[in-house]
Amino acid sequence: MRINSLQEYHEAYSLSVEKPEEFWANIANEFDWIKPFTKVLDWSFDDYSVKWFEDGQMNITANALDRHLKTIPDQAAIVYEPNEPGDEAITLTYRQLHARVCKFSNVLKAQGVKKGDRVCIYMPMIPELAIAVLACARIGAIHSVVFGGFSAQSISDRINDSLCKIVITTDGAVRGNKTIPMKETVDDALLSCPSVETVIVKTRTKTPVSMLKGRDLWWEEEEAQASADCAPEPMNAEDPLFILYTSGSTGKPKGVVHTCGGYMVYTAYTFANVFQYNPGDVFFCTADIGWITGHSYLVYGPLLNGAISVLFEGIPTYPDAGRFWDIIKRHQVNIFYTAPTAIRSLMGFGDEVLEGKDLSSLRVLGSVGEPINEEAWQWYHEKIGQGNCPIVDTWWQTETGGLMISPIAGITPLKPAFATLPLPGVQPILVDENGKEIEGNGVNGNLCIKYPWPSIIRTTYGDHERCKTTYFSTYPGLYFTGDGCMRDEDGYYRITGRVDDVMNISGHRIGTAEVENAINMHTGVIESAVVGFPHDVKGQGIYAYVICEHPTINDDLTRKDILATVARVIGPIAKPDKIQFVTGLPKTRSGKIMRRILRKVAEGEFGSLGDTSTLLDPSVVDSIIAGAL
Ligand code: WT7
């Protein structure tokens, strides 16, 4: 499974393309299967269906936990670094984590949760979040983790889309110097969620909460009564493991479905290779478990490899902008994986913050979530990596489940700001607007993948048609990523950003349509159009053009009201950075908004708006420009 040299990478890559089934079967056979698979792959991108190891039976937690009890029972599995730097860090060894997962599995079972049931998890970054996720996987329930920063409305949309039976949450959360209600937000969400029968509440902040008789239970009381004995549920490789909601260019977020076997094999393989994890290494992924990065590279990938994974509750700027660096020293972190936004933001605090920090334990650095600009790459390399840690710029998506295009640490020759080369099993192809392949090097195009890998999205929950049209209809026969990409003279890939109506705000994916719908919920708003624009720290910011019913008397107050509305409907991460009030939007005769023009104006490029002759009313553009100046 382990690639040790550039030559081995090339060999593995060739085999994965020439004999993909042989390649993946060999890797899959390194895991514990309850019933071995005999079929490796069955697939079609035309009438979308993908099945890996379909007649095999396994349980991902038997591989992530039980398997290690024989070899490293007393090694740390999860190291919890609390929000307050003075608070004691808590280590859960594999034996302890296993016991707690088994107990909580029994808690879920006692509440009638069965294989295939959906479980919503809305929690801050505490060990119980990982425990809840793993307990679901152990009993075959499908977890649907909702990021702790989302609103009540977002929670209820997600619960109702997949009809969750149970919600797991905490009384509150602490992030930096703020205390945030969690249970209260869940209570608001549940006013419109008839499928939910039970709520389990872990104590974190001791915030007073209302506990509904017959529905709400305390985690601690239930866990105390539960047995630590729970056999893993035999799962078919293609049974769903989890749903994770993510934004697209249209409509409400969709539930991306990943399945047990392929996801296990692929996350474990990519974790081991890309980060070149060695036994005993301490791995620190700063992502929240509410996103795919946390699922794949804080929980599953590391635990499948018997790794030590740091789980940090707080934020990078509390108590000061040196927190990450203090954590690296405190836990002797060897591999550090974060997002360009965090790097750019910390860079902004100046190098004084780094004085006296001991970063000598670091060996490998990673970047994920958005394109990393060269300046940030250089700073990361020199100041954090002390010039001697390879940076793996890992390109992938919620839908891909695991890393797709990325260097292999210390093995792939790097180029700043390039995700470099596809990992074994990944067959990228660039196409033009008409879907024609763009061959050769030194080219730009839309990034597609032409062959399935084990952790490819299987469906969008409850709506397979949507999965087909979103990913497999733009370019028939290909998985379309939504990203633009260049392939340079050396065949190296550089992701240039989304080519659809999806924004990437601080590495968080948000659809323009979603924000527009939220803004339009405000009573005074008639219509809005939202685009992304370049932002120094966030990568992209949100720019909203808004038409109000009455010419606004108090623009500032209306702006604040709109921001409050967006925060209420989606969550604070979706609040626009700029709101411009306009009297009209640039529309074609068929009523389509020409976002190209709005993007240019948002970028401040008024001179190069291109052809505006197809607009219903070209004069709209002049007044928008006048308002933007
Ligand atoms: C989108 C996926 C899966 C990681 C977390 C985000 C962008 C992701 C990179 C990178 C340039 C990147 C793409 C992609 N993206 N990694 N290394 N370089 N862009 O997952 O929320 O599903 O977003 O993030 O645009 O399509 P996600």
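We count ligands from 1, going down the list as the structure has it; atoms in each ligand are counted the same way.
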Under 6.0 Å from the ring centre and within 45 degrees of the ring axis: does the NZ or CZ of [X] meet both conditions for the six-membered ring of [Y]?
X	Y	result
Lys415	Phe418	yes
Lys578	Phe533	yes
Arg363	Phe275	no

Give the numbers and elements of all ligand 1 atoms closer than 4.0 Å to a heavy atom of [X].
X	result
Asn504	7 (C), 24 (O)
Ile495	11 (C), 19 (N)
Ile292	3 (C)

If you measure from each non-hydrogen atom of [X] to ligand 1, which part falls under 4.0 Å: side chain, backbone, both or neither?
X	result
Asp483	side chain
Ile372	neither
Gln397	both

[atom]: the protein heavy-atom neighbour that sits closest, reported with distance to 0.1 Å:
atom	answer
atom 4 (C) of ligand 1	Val368 CG2, 3.4 Å
atom 2 (C) of ligand 1	Trp396 O, 3.7 Å
atom 10 (C) of ligand 1	Glu370 O, 3.5 Å
atom 5 (C) of ligand 1	Thr293 OG1, 3.4 Å

| task | Look at the rings of Tyr269 and Tyr266 and say which category their plane angle falls in: under 30° parallel, 30 to 60° tilted, over 60° perpendicular. | result | tilted

| request: Measure up the Tyr297 and Tyr337 rings against each other and bin them: parallel (under 30°), tilted (30 to 60°), perpendicular (over 60°). | output: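 The rings of Tyr297 and Tyr337 stand perpendicular, inter-plane angle above 60°.
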
| message | Here's a test for you: under side-chain contact (heavy atoms from CB on, under 4.5 Å), which of Val299, Leu303, Leu304 qualifies with Ile60? | response | Leu304

| field | ligand 1 N/O within reach of Glu399 N/O, cut-off under 3.5 Å | value |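 In fact, backbone or side chain, Glu399 has no N or O that close.
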
| Geometric N/O contact Arg509 with ligand 1, under 3.5 angstrom |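 Yes, Arg509 has an N/O under 3.5 Å of an N/O on ligand 1.
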
| request: Could you tell me whether Asp161 and Arg118 make a salt bridge, using a distance below 4.0 angstrom between a side-chain N and a carboxylate O? | output: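 Not counted as a salt bridge, because no side-chain N and carboxylate O are separated by less than 4.0 Å.
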
| What pair of heavy atoms forms the shortest contact from Phe45 to Ile449, and how long is it? | CE2-O, 3.6 Å

| Ile570 and Ser154: which non-hydrogen atoms are nearest, and at how many Å? | O-OG, 3.0 Å

| query | Of Pro371, Ser247, Gly401, Gly484, which has the heavy atom at the shortest distance from atom 11 (C) of ligand 1? | reply | Pro371

| query | For atom 27 (P) of ligand 1, which candidate among Asp393, Thr481, Thr398 holds the nearest heavy atom? | reply | Thr398

| Contact with ligand 1 for Gly369, non-hydrogen, under 4.0 angstrom |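 The answer is yes, since Gly369 has a heavy atom less than 4.0 Å from ligand 1.
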
| message | With a sphere of 6.0 Å drawn around CG of Asn388, does it hold more than 12 non-hydrogen atoms of other residues, nucleotides or ligands? | response | yes

